[in-house]
Amino acid sequence: MSLSSLHPSTSAVDSRFSCAHPLLQFHIFNLNQNPSPRIRPPPCSCKLSSLQSPVLSKSGEFANNNHKIQYLCKQGNIKLAFQAFSNEPNPTIRTYETLILACSAQNAAVYGRIIHRYIVQDGLDGDCFLSTRLIDMYSRFDALEDARRVFDASREKDVYLWNAFLRALAIAGKGEEALEIYGRMGQSVGIEFDSFSYSYALKACVVPLSQSSTLSFERVRKIHGYIIRHGYQSLIYVATTLVDVYAKLSHVGYARMVFDGMLEKNVVTWSAMIGCYAKNEMEFEALRVFGEMMTASSIDRNIIPNSVTIISILQACSGLSAMEIGKVIHAYVLRRRLDSVISVSNTLLSMYAKSGNLDMSRRIFDQLGDRRDVISWTAMVSGLGMHGHASGAIDCFHQMLRAGVFPSPITFLSVLGACSHAGLIKEGKEIFELMTNGYHIIPGPEHYASMVDLLGRAGRLDEAANIISAMRIEPGPTVWGSLLGACRIHRNVELAERACVRLFKLEPTNAGNYMLLSNIYFDAGMWEKVAETKSLLAAHALQKMAGCSFIEVRRRVYSFVSVDEANPHIEQLNALLLQIMVEMKREMPSYTPQTNVVMYDVEEEVKERILLGHSEKLAVAFGLINTNAGDVIRITKNLRLCEDCHSVTKFVSKLANREILVRDVNRFHRFRDGVCSCGDYW
DNA sequence: TTTTAGCCGT
């Protein structure tokens with residue numbers, strides 16, 4: 001086959017997503033125009049800086065012991081402060097406050113409880129002001145029950161006290177309790193909600209993830225109504241909270257509406273909006289808003305992107321595997337020395353891994369050295385796993401343990417995932433054992449799902465089913481879904497039906513489950529059942545999630561959907577794919593297009609065409625045309641790679657002598673010379 | 001005398 005048609009074309013211009021590109025260009029330009037300001041140290045989280053300076057007498061001695069205590073607290077010397085305190089017969093409220101704040105700031109829970117006891121002893125536990133401070137302190141210590149005791153003990157309850165407890169509950173994830181307190185607060189005589197109460201109440205609506213999100217949404221809208229009626233929506237803190245809360249409930253339109261209505265916006269507001277898009281799979285919008293923010297930042301110093309903004313925008317890059325754009329952001333990070341912020345470095349590490357550049361992840365990881373935290377390690381383990389380096393992931397995990405870093409449930413999920421991708425059953429079982437018995441981490445639904453996936457995929461369906469029946473928690477959709485996926489691979493109709501009985505009940509609107517079952521029936525030649533399942537799908541008016549693939553070429557991201565009629569390049573791409581198909585059928589007579597994944601009732605020939613129009617194939621074709629001969633073609637897909645695309649991509653890698661790197665929902669596939677790194681096990 | 005917002009790893 002002549003590969004002349006595969007040569008890079010200079011006329012590859014696509015303006016469908018031009019939003020990202022020009023703005024990023026502007027962004028770069030903007031950077032050069034505005035040399036980065038010095039970074040300020042992060043604001044001190046303790047409140048000691050706001051305290052009055054202790055008064056010294058002329059001789060340089062403290063005017064009294066209370067001043068000495070305050071001075072020592074300000075120095076951060078809690079121990080000496082407490083010594084001085086024990087010699088103080090008449091501590092003032094201010095002294096108590098100082099000590100509480102110092103304990104809060106330094107997470108000194110033991111001293112914090114001591115000071116609380118003294119307050120009770122002195123009969124000051126009914127004091128509203130001190131109680132407010134104590135609640136804040138216990139909230140920081142994550143000691144909610146102590147906070148509650150303080151709240152209950154306080155005779156008088158002013159709005160500060162109510163707010164402090166409301167906040168403590170909200171940030172501890174006790175949404176329901178927080179809203180109950182909010183309700184009681186509203187009924188208390190003489191207590192009026194202020195802007196703080198509304199902000200905390202809004203936060204409380206988000207936290208309980210287990211709750212129905214429609215209920216949360218209704219609650220937020222109601223509180224939003226009160227906020228408008230009281231004129232609080234113009235307050236930047238309140239409005240920013242609204243943006244964030246709507247974002248977390250995935251009501252992007254509402255978040256945007258509040259955002260657009262704000263007269264004053266600062267870096268937090270912008271970051272919340274960008275984070276909203278990044279987390280709700282609207283990465284292009286995130287990039288666009290980031291560009292707007294860069295523009296705005298050139299006239300307003302209050303909106304220069306900071307570490308939080310960067311983290312969100314890097315997540316958007318990760319979602320698109322937009323490594324080239326990510327590199328531009330990386331350059332910005334280095335210019336502003338934001339790599340000193342560990343969470344930024346961790347996000348960079350993760351972005352590179354998800355964009356297919358594991359070497360770069362490794363470099364960042366190595367450079368972190370002693371600064372590595374559990375998240376850095378987990379991101380590295382996960383990156384190795386995603387790329388199919390299971391033993392590397394396990395090594396990294398053990399290295400982490402040797403370094404004395406305590407693994408989190410997510411760390412275990414990452415290692416288990418690595419084992420699963422490579423079919424390392426024995427190792428996976430050992431890790432699961434280590435998690436439960438060695439580290440006493442109670443496995444969550446995802447851990448079980450991972451084990452079911454590991455065993456099921458390897459064909460040990462009975463063992464997988466046993467895991468489910470031995471579970472200590474109610475098996476959820478993730479677990480049954482893993483089992484169903486395994487049944488698809490190993491063509492087990494009976495077990496698949498059992499899984500589907502649960503799955504259809506647990507998530508009746510997930511089209512993917514019906515598709516899987518239908519495919520399982522298809523493989524078994526059970527045509528009636530196939531039709532039955534398809535009609536179920538139709539009866540629920542369900543649409544399967546549209547397949548979508550991305551490719552980044554020269555800092556621009558192009559997206560493709562299946563049978564992308566509207567794509568300006570579609571004819572060129574189709575022509576190339578047809579050519580490839582002819583070639584493939586000639587060289588590999590055993591190949592037959594796996595048209596059974598096509599759910600429409602159409603002729604075989606049409607099915608083949610639909611199959612050839614899969615977004616991933618279009619992206620591959622686009623990559624062949626628009627990148628240079630030696631370049632790696634990097635593609636990201638929103639679903640699992642279908643078998644046919646897998647076969648075709650293998651073939652293309654050999655035919656065109658190209659390395660093709662495809663990230664699907666689960667992992668990476670590196671196609672080279674007709675072979676895939678997953679070893680056809682995925 | 002007092003308190004608020006955005007953020008890393010599946």
Side-chain angles (χ1 to χ4, degrees), chain A residues 47 50-52 92-94 96-98 100-101 127-136 139 158-168 170-171 194-203 232 235-245 247-248 255 259 265-276 278-279 305-315 318 341-351 353-354 361 372-383 385-386 400 407-418 420 444-447 449-450 478 665-667:
Chain A
K47 304 288 180 217
S50 66
L51 293 178
Q52 294 169 348
T92 63
I93 296 266
R94 180 112 215 155
Y96 278 121
E97 185 207 11
T98 312
I100 296 170
L101 291 176
D127 183 87
C128 227
F129 176 66
L130 283 184
S131 297
T132 301
R133 292 301 204 192
L134 281 172
I135 288 174
D136 280 340
S139 164
D158 64 5
V159 68
Y160 291 105
L161 186 81
W162 281 99
N163 282 347
F165 191 46
L166 181 55
R167 172 172 185 268
I171 62 181
D194 62 11
S195 65
F196 294 85
S197 327
Y198 288 124
S199 292
Y200 303 143
L202 283 173
K203 268 180 106 61
Y232 288 136
L235 297 183
I236 194 161
Y237 278 92
V238 176
T240 302
T241 305
L242 273 168
V243 170
D244 184 52
V245 165
K248 291 203 168 109
F259 179 80
K265 300 184 182 96
N266 60 19
V267 57
V268 181
T269 319
W270 284 94
S271 303
M273 195 65 234
I274 293 168
C276 169
K279 289 199 172 51
N306 63 15
S307 62
V308 180
T309 327
I310 294 302
I311 287 166
S312 287
I313 203 65
L314 283 174
Q315 285 172 328
S318 297
V341 181
I342 185 77
S343 49
V344 171
S345 286
N346 289 344
T347 313
L348 275 169
L349 193 171
S350 172
M351 183 274 294
K354 286 174 184 160
S361 298
R372 286 182 282 229
D373 64 7
V374 58
I375 293 175
S376 327
W377 285 99
T378 305
M380 195 68 238
V381 169
S382 153
M386 274 195 305
M400 165 184 176
S408 75
I410 298 177
T411 315
F412 280 104
L413 216 45
S414 303
V415 205
L416 288 175
S420 192
E446 291 82 6
H447 296 103
S450 197
T478 48
V665 259
N666 298 317
R667 58 164 297 154

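Computation of the quantities below employed the complete heavy-atom set of this structure, encompassing side-chain atoms and omitting hydrogens, waters and symmetry-equivalent molecules. In what follows, chains carry the letters A, B, and so on, assigned in the order in which the sequence lines appear, proteins first and then strands, with residues in each chain numbered from 1.
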Between B:dG6 and A:Asn266, counting only base atoms on the nucleotide and side-chain atoms on the residue, is there a donor-acceptor pair under 3.5 Å?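 Side chain to base: no pair below 3.5 Å.
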
Quick check: any donor-acceptor pair below 3.5 Å linking the side-chain of A:Ser312 to the base of B:dG6?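 Checked by distance alone, the answer is no.
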
Nearest 0.5 angstrom please: A:Ser199 OG to A:Leu235 CG, how far?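 It comes to 8.0 Å.
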
Measuring from atom CE of A:Met351 to atom CD1 of A:Ile310, what distance do you get when rounded to the nearest 0.5 angstrom?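 CD1 of A:Ile310 is found 10.5 Å from CE of A:Met351.
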
Does [X] place a side-chain N or O at less than 4.0 Å from the phosphate oxygens OP1/OP2 of [N]?
{"X": "A:Arg167", "N": "B:dT4", "result": "yes"}
{"X": "A:Lys279", "N": "B:dG6", "result": "no"}
{"X": "A:Gln315", "N": "B:dC8", "result": "yes"}
{"X": "A:Lys203", "N": "B:dG6", "result": "yes"}

If you look at every strand shown and take non-hydrogen atoms under 4.0 Å, does [X] touch a base, only sugar-phosphate, or nothing?
{"X": "A:Ser199", "value": "base"}
{"X": "A:Val159", "value": "nothing"}
{"X": "A:Ser414", "value": "sugar-phosphate"}
{"X": "A:Thr411", "value": "base"}
{"X": "A:Val341", "value": "nothing"}
{"X": "A:Asn163", "value": "base"}
{"X": "A:Lys265", "value": "nothing"}
{"X": "A:Ser408", "value": "base"}

Whole angstrom is fine here: how far is it from [atom1] in [X] over to [atom2] in [N]?
{"X": "A:Leu314", "N": "B:dC7", "atom1": "CG", "atom2": "P", "value": "15 Å"}
{"X": "A:Asn306", "N": "B:dA5", "atom1": "CG", "atom2": "P", "value": "14 Å"}
{"X": "A:Tyr198", "N": "B:dT3", "atom1": "OH", "atom2": "C1'", "value": "17 Å"}
{"X": "A:Leu202", "N": "B:dT3", "atom1": "CG", "atom2": "C1'", "value": "16 Å"}
{"X": "A:Phe259", "N": "B:dG6", "atom1": "CZ", "atom2": "P", "value": "16 Å"}
{"X": "A:Met351", "N": "B:dC8", "atom1": "CE", "atom2": "P", "value": "15 Å"}
{"X": "A:Ile236", "N": "B:dG6", "atom1": "CD1", "atom2": "C1'", "value": "11 Å"}
{"X": "A:Asp158", "N": "B:dT1", "atom1": "CG", "atom2": "C1'", "value": "11 Å"}

Looking at residues at least two apart in the chain, or sitting in another chain, which of them share a side chain to side chain donor-acceptor pair (under 3.5 Å) with A:Asp136?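 Residues passing side chain to side chain donor-acceptor pair (under 3.5 Å) with A:Asp136: none at all.
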
Name the closest nucleotide to the [X] side chain, picking from [options].
{"X": "A:Val308", "options": "B:dG6, B:dG9, B:dT2", "result": "B:dG6"}
{"X": "A:Thr241", "options": "B:dT10, B:dA5, B:dG9", "result": "B:dA5"}
{"X": "A:Ile311", "options": "B:dG9, B:dC7, B:dT10", "result": "B:dC7"}
{"X": "A:Ser382", "options": "B:dG6, B:dT4, B:dT10", "result": "B:dT10"}
{"X": "A:Tyr237", "options": "B:dA5, B:dT3, B:dC8", "result": "B:dA5"}
{"X": "A:Ile410", "options": "B:dG9, B:dT4, B:dT1", "result": "B:dG9"}
{"X": "A:Ala379", "options": "B:dT10, B:dG9, B:dC7", "result": "B:dG9"}
{"X": "A:Val268", "options": "B:dT3, B:dC8, B:dA5", "result": "B:dA5"}

Are A:Asp244 and A:Cys276 side-chain neighbours, meaning at least one heavy-atom pair lies under 4.5 Å?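 No, too far: nothing below the 4.5 Å cut-off.
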
Quick one: does A:Ser139's side chain get under 4.5 Å of A:Ile171's, heavy atoms only?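 In contact.
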
Classify the angle between the aromatic ring planes of A:Trp270 and A:Phe259 as parallel (below 30°), tilted (30 to 60°) or perpendicular (above 60°).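 Answer is perpendicular, since the angle exceeds 60°.
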
Establish, from distance only, whether the side-chain atoms of A:Thr309 and A:Ser271 form a donor-acceptor pair under 3.5 Å.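 Judged by distance alone, the side chains do pair up.
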
